[in-house]
Amino acid sequence: MNNEVARYNKTGAASKWSQRYTMGTVTGNTIVYGFLLVLFIVTFFPFWHILVLSLNDASDPTYGQFMLWPSDFSLASYRTVLKDAEILNSIIVTVGRTVIGVPLTLACVSMLAYSLSKRELVGWRGINLFFVFTMYFGGGLIPTYMVVKSLNLIDSFWVFIFPGIMSVFWMILVRTYMEGLPKEMEEAAQIEGANDILIFLKVIIPVCTPVLATITLFSAINHWNSWYDSYIYTYNPDLKTLSAVLVKILNQFETNDMLSEAEQLANQQRKMPVSSESIRMAVTMVATLPIVLMYPLLQKYFLKGMLIGAVKG
């Protein structure tokens, strides 16, 4: 009897295995994983190549060639970049707009989303249509510039904060997430005597961590990588963001003005570990790495927040 049971179990297990791992399934998985591997290599290698060049001595004869790791490790390019006053100031401006802008955006988006999640709100449909309308139609660059100028935000740090403080798309994600929360939580809080503000702060916000973390990531990337507003609305070099300075450097084929005259003369007389190419690579990494490091911290919330926030439309 036991032998028959064991034989049946083995046969059943083999049958299940054959059903799950047929030739077609194995071939399909191989194609999918192969495609993802190729996609990873294609997207990761340029980033890795820039990192290797930024860490390699510019006087190395093999500099600029195909390398998987630095053949002559050097941090001279990073030291040169971090000594430059313009870059240091742009880092401060970028960090400042990110630290100030992200919390303000979260506050505005979450408060508006909570208000519009209440379908009993007077004029709810009209207010929603008003905000959705702005997603598809805008005034354009010149009217926007005129509005910003009329608000005296030209050449002001706050031009980085106020014009982009609200995103309708992010608001819709948060609103949809809030609409999916159990109504019993709010009803229980109301029975305990909590008003709308307390319910929002003590009940709704704590359970909206996934979608708010997603918005945090979106907003931080937007602030950190933004350069066009700095290019359009600011003329003071002390208000240029890191990405704007990076664009300026990448558009210049000569960056020797970042080096002192003595260093430029020394470059002509002997090989130096820094070149215009290595400086461009180092600036690119300085501008890219901080925001890349945010992904592992918020990854566990990102997918959940996006999926749950987009279930309803």
Side-chain angles (χ1 to χ4, degrees), residues 36 39-40 43-44 47 91 93-119 121 124 127-136 138 160-186 189 196-230 241-243 287-313:
L36 292 177
L39 186 63
F40 169 77
T43 55
F44 177 75
F47 181 82
I91 292 175
V93 172
T94 302
V95 171
R97 70 173 293 178
T98 304
V99 170
I100 297 174
V102 172
L104 289 178
T105 296
L106 278 177
C108 293
V109 167
S110 59
M111 287 190 291
L112 180 60
Y114 178 67
S115 301
L116 295 181
S117 67
K118 306 300 180 183
R119 294 182 179 265
L121 178 70
W124 177 86
I127 297 174
N128 269 281
L129 289 176
F130 171 80
F131 282 105
V132 172
F133 180 85
T134 63
M135 294 180 63
Y136 299 100
F160 302 137
I161 306 298
F162 292 130
I165 200 170
M166 172 58 65
S167 169
V168 178
F169 173 68
W170 300 345
M171 183 274 292
I172 292 175
L173 282 180
V174 180
R175 185 201 69 188
T176 306
Y177 188 96
M178 291 179 177
E179 288 176 343
L181 297 176
K183 300 299 181 184
E184 291 77 10
M185 293 193 306
E186 296 185 47
D196 288 333
I197 297 177
L198 284 177
I199 292 174
F200 173 71
L201 294 176
K202 301 292 186 178
V203 178
I204 301 299
I205 292 299
V207 298
C208 289
T209 301
V211 70
L212 292 180
T214 303
I215 302 305
T216 299
L217 181 61
F218 285 166
S219 182
I221 293 174
N222 181 62
H223 278 289
W224 188 269
N225 291 336
S226 181
W227 67 273
Y228 195 65
D229 51 2
S230 176
T241 61
L242 181 58
S243 294
T288 305
L289 273 180
I291 205 65
V292 169
L293 295 178
M294 282 192 64
Y295 278 98
L297 300 177
L298 299 176
Q299 183 181 11
K300 63 178 181 179
Y301 300 113
F302 179 74
L303 189 58
K304 182 180 179 182
M306 280 293 294
L307 290 179
I308 298 179
V311 169
K312 301 177 182 178

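The structure displayed is predicted, hence computed values, not measured ones. These values consider heavy atoms only, across backbone and side chains, with no hydrogens, waters or symmetry-generated copies.
Interatomic distance, F160 CZ to D229 CG, rounded to the nearest 0.5 Å: 5.5 Å. I165 contributes atom CD1, which lies 10.5 Å from atom CG of L106 (distance to the nearest 0.5 angstrom). From L116, atom CG reaches atom CG of N128 across 5.0 Å, with rounding to the nearest 0.5 Å. The OH atom of Y177 sits 12.0 Å away from the CD1 atom of I215 when rounded to the nearest 0.5 Å. Put simply, OG1 on T241 and CD1 on I91 are 11.5 Å apart, with the number rounded to the nearest 0.5 Å.
At distances below 3.5 Å, not a single donor-acceptor pair connects side-chain atoms of S230 with backbone N or O atoms of S226.
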Intermediate values then yes/no, side chain to side chain contact (heavy atoms under 4.5 Å, CB included), F133 and L129: CA-CA 6 Å; F133 180 85; L129 289 176; over 6 Å; no
Stepwise side chain to side chain contact (heavy atoms under 4.5 Å, CB included) check, R175 with L112: CA-CA 8 Å; R175 185 201 69 188; L112 180 60; over 6 Å; no
Side chain to side chain contact (heavy atoms under 4.5 Å, CB included) evaluation trace for L181 with S117: CA-CA 10 Å; L181 297 176; S117 67; over 6 Å; no
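Salt bridge status for K118 with E186: present, with a side-chain N to carboxylate O gap under 4.0 Å.
Between L242 and W227, every side-chain heavy-atom pair lies at or beyond the 4.5 Å cut-off. With contacts defined as side-chain heavy-atom distances shorter than 4.5 Å, the pair T214/W170 does not qualify. Taking 4.5 Å as the limit, some side-chain heavy atom of L212 sits within range of a side-chain heavy atom of S110. Between I172 and F131, every side-chain heavy-atom pair lies at or beyond the 4.5 Å cut-off. For the pair M171 and Y114, the minimum side-chain heavy-atom distance is 4.5 Å or more.
Partners of K202 according to the side chain to side chain donor-acceptor pair (under 3.5 Å) rule, which considers only residues two or more places apart in sequence or in another chain, do not exist here. With sequence neighbours excluded, no residue forms a side chain to side chain donor-acceptor pair (under 3.5 Å) with T288.
Heavy atoms only, all atoms of each residue included: V203 and A189 are closest at CG2-CB, 4.0 Å.
Between F40 and F44, the ring planes lie parallel to each other; the angle is under 30°, not in the 30° to 60° tilted range.
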Distance-only criterion, 3.5 Å: show the donor-acceptor pairs between side-chain atoms of residues 218-225 and protein atoms not counting sequence neighbours.
residue, atom, partner, partner atom, Å
H223, ND1, R97, NE, 3.2
H223, ND1, R97, NH2, 3.4
W224, NE1, A287, O, 2.6

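For CZ of F130, the number of neighbouring non-hydrogen atoms (other residues, nucleotides, ligands) closer than 6.0 Å is 12 at most.
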